[in-house]
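The basis for the numbers below is simple: all heavy atoms, side chains too, and nothing from hydrogens, waters or symmetry mates.
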Amino acid sequence: MKRLIVNADDFGYTKKINEGIIYAHKNGIVKSATVLTDREAFDDAVSLSKENPDLKTGLHIDLDSMFEIKRPEGRVSGFKIPKLSPSEIEDAVDRQLDKFLNAGLKLSHLDSHHHAHMHPEVLPVVVQKAKELNVPIRFFRGFYDNEDFAGEMRKLVSENGVKFCPHFIAGWYWENVDESFETAELMTHPGFNEIWREYEIARCCDPNLMQYLKDKQIEVISFEDI
């Protein structure tokens, strides 16, 4: 049986995004969300998470202030000047982790806004945190341009005993659940008041999709199940 994690990014960004994530959880296939601790609706996300304990929550590490962002791809590129040291990166990750845990949330996994944790200067820090906390991370080969370098980064994760989904689906716009995999993560961005996010709500709550998953015996799971 194929297994699929459907994760909603950006929980805590705005109240309308939070509402969309909860709607997609209650009425669709979203079972996991990652929380932004430093955005305007963090407290609202904490309250909603506690009201919906079946929605597993991870930390959506936000390092946008440190990086230039490739907006069309939605990914970090180079550091802003001046480049930060590993200890400064670690301090930023630790502060967000502490805020998440001190709010009484249970950590299911780690990923990041604009995939900042995949940057080669950041990944070792996040892998160490994941190892200490015994939680999975999001990792996907497509972040890296070079196959050999991607293999080195994957080896870093694996050799530290940190779990990750072996297959990553970057969203409804690019790939789909018909691909060949055993366990995969599907990244989604449901939310209200933005057309593209409302499209993602519709996809996550499509009754035809839910029936398709049932017919194809694709089990929707959370990161805790990998």
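The side chain to side chain contact (heavy atoms under 4.5 Å, CB included) search around D148 returns N146, not counting sequence neighbours. With sequence neighbours excluded, the residues satisfying ring-ring contact (aromatic ring centres under 6.0 Å, His included) with H189 are W196. The side chain to side chain contact (heavy atoms under 4.5 Å, CB included) check on T57 picks up F11, V35, S49, F100, L105, with sequence neighbours excluded. Residues meeting the side chain to side chain contact (heavy atoms under 4.5 Å, CB included) test with K31, sequence neighbours left out: V220. In this structure, the side chain to side chain contact (heavy atoms under 4.5 Å, CB included) partners of Y199, at least two apart in sequence or on a different chain, are W172, Y173, R203. Residues passing the side-chain hydrogen bond (donor to acceptor under 3.5 Å, both in side chains) test with D38 are R95, sequence neighbours excluded. Listed by chain and number, the residues in a salt bridge (charged side-chain N to carboxylate O under 4.0 Å, His left out) with R141 are E147 (sequence neighbours excluded). Partners of Q96 by side-chain hydrogen bond (donor to acceptor under 3.5 Å, both in side chains), not counting sequence neighbours: none found. Annotation: salt bridge (charged side-chain N to carboxylate O under 4.0 Å, His left out) contacts of E68 (sequence neighbours excluded): none.
Relative to the ring axis of F42, K99 places its NZ or CZ within 45° and under 6.0 Å from the centre.
In this structure, F143 has its ring center no closer than 6.0 Å to that of H119.
Each salt bridge (charged side-chain N to carboxylate O under 4.0 Å, His left out) pair with one or both residues in residues 186-197, not counting sequence neighbours, appears once here: D10-R197, E194-R197. The list of ring pair (Phe, Tyr, Trp, His ring centres under 6.0 Å) pairs with a residue in residues 206-226, not counting sequence neighbours, reads H109-F223.
Here I201 sits in one hydrophobic cluster together with Y23, F192; the rule is ILVMFWY side chains under 4.5 Å apart, joined directly or through other members.
Ring orientation note: the planes of F139 and Y144 are tilted relative to one another, at an angle of 30° to 60°. The aromatic rings of F168 and F140 lie parallel to each other, with less than 30° between the two planes, well short of the 60° mark.
Within the 4.5 Å cutoff, no side-chain heavy atoms of K163 are placed close to those of V157.
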